[in-house]
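Report on the structure given below.
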Amino acid sequence: MAHIVVLTGAGISAESGLKTFRDLGGLWETHSVEDLASPAGFRKNPQLVLDFYNLRRKQALQAQPNAAHLALAQLEQKHRVSIITQNVDDLHERAGSSSVLHLHGELRKVRSTQDPNLIYDIQDIDPETHEIHVGSTCELGAQLRPHIVWFGEMVPEMENAAALCQTADFFLVVGTSLMVTPAATLIYHVPEKVRKCIIDPQIPEVPKVKNLYSIEEKATLGVPRLVEQLLR
Ligand code: APR
């Protein structure tokens, strides 16, 4: 029984129909990060930001886990698997993974703008539309916001994520351009001697990392194949 730590990004959900950010036609190709994924953007035009996340939440809830998500869940038959994801969809959970740490928040959740500890599942706020709007309030009467880490905001789960990486026996990276810190620095918390693997059709540059090999494949092909080997 090994401890396998997996860092995933938008690429693992691409084949479930959810857009990535920096690929051709990705979200940041047609939207401005500053206006839609920042505290300043939320202050400037809260309904625009809420609508952006309402749309992405609807898409994520309609999407289905793909063969890559399912293979990672199967890996738990034989190993301890810790998923660290930058994704805000719940496809890992719906595939059956039991340990999922969301670095950048979760579309399913919304929280109070007055008390960040007041976090709600969207199902309990509006089970019909799964939306929040200007005027949707928490129990204190304050505006609700997406439970998402916006650019410029702290990544509260980073310490927990780094601690998991330090105890990895094998480190797998799937579907992330490794362009956003601090998530992209996690690979440097994995002990040098531990084997690391990146699965991505366009392998990102990862300077100065030892014991690293890559599989230049889409997630739904590369991940099941690797999992099959790890389960043997
Ligand atoms: N299978 C595997 N990887 C894929 C696939 C696929 N089918 N399609 C695309 N990819 C890869 C791309 O080659 C790229 O390396 O997924 C990666 C997507 O990179 P980004 O769009 O930058 O997404 P990500 O790395 O998750 O972004 C990190 O940036 O905008 C913020 O908070 C947001 O969590 C996000 C963070």
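Both ligands and their constituent atoms are indexed starting at 1 by order of listing. Numbers here simply count residues along the sequence, with the first being 1.
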How far is [atom] from its nearest protein heavy atom, and which residue and atom is that?
atom: atom 3 (N) of ligand 1; answer: Pro201 CD, 3.3 Å
atom: atom 1 (N) of ligand 1; answer: Ala219 N, 2.9 Å
atom: atom 23 (O) of ligand 1; answer: Ala10 CB, 3.6 Å
atom: atom 25 (O) of ligand 1; answer: Thr176 OG1, 2.7 Å
atom: atom 9 (C) of ligand 1; answer: Asp23 OD2, 2.9 Å
atom: atom 6 (C) of ligand 1; answer: Gly11 O, 3.4 Å
atom: atom 15 (O) of ligand 1; answer: Asp200 OD2, 2.6 Å
atom: atom 28 (C) of ligand 1; answer: Gln86 OE1, 3.2 Å

Worked check of salt bridge (charged side-chain N to carboxylate O under 4.0 Å, His left out) between Glu153 and Arg145: CA-CA 14 Å; Glu153 293 187 319; Arg145 61 162 275 183; 2.8 Å; yes
[X] N/O under 3.5 Å from ligand 1 N/O:
X: Phe21; result: yes
X: Asn87; result: no
X: His104; result: yes

Find all atoms of ligand 1 within a distance of less than 4.0 Å from any non-hydrogen atom belonging to [X], and give their numbers and elements.
X: Lys218; result: 1 (N), 7 (N)
X: Gly9; result: 26 (O)
X: Glu15; result: 1 (N), 6 (C), 7 (N)
X: Gly175; result: 3 (N), 16 (O), 17 (C), 18 (C)
X: Gln202; result: 13 (O)
X: Trp28; result: 30 (O)

N/O donor-acceptor pair under 3.5 Å between Asp200 side chain and Val174 backbone: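 No; judged by distance alone, with no hydrogens or angles, the pair does not exist.
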Under 3.5 Å donor-acceptor, Asp126 side chain and Thr129 backbone: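 Here the side-chain-to-backbone pair exists.
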Exceeds 12 heavy-atom contacts within 6.0 angstrom, atom NZ of Lys58: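 More than 12 within 6.0 Å, yes.
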For ligand 1, does [X] get within less than 4.0 Å through its side chain, its backbone, both, or neither, judged by non-hydrogen atoms?
X: Trp150; answer: neither
X: Arg22; answer: both
X: Val180; answer: side chain

Any side-chain heavy-atom pair of Arg94 and Gln64 under 4.5 Å: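 Yes, side chains in contact.
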Looking only at side-chain N and O atoms, does [Y] offer a donor or acceptor that is under 3.5 Å from a partner on [X]?
X: Glu76; Y: Ser98; answer: yes
X: Glu15; Y: Thr220; answer: yes
X: Ser82; Y: His3; answer: yes

Aromatic ring pairing Phe170/Tyr213, orientation class (parallel under 30°, perpendicular over 60°, tilted between):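 Answer is tilted, since the angle falls between 30° and 60°.
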Single hit among Ile119, Thr113, Leu118 for side-chain contact (heavy atoms from CB on, under 4.5 Å) with Asp115: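 It is Leu118, the one option of Ile119, Thr113, Leu118 that forms the side-chain contact (heavy atoms from CB on, under 4.5 Å) with Asp115.
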Contact summary for Leu103 and Val155, nearest pair of heavy atoms: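 Heavy atoms of Leu103 and Val155 come nearest at O-CG1, 3.4 Å.
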Leu91 with Val173, same ILVMFWY side-chain cluster at under 4.5 Å: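 The answer is no; the residues belong to distinct hydrophobic clusters.
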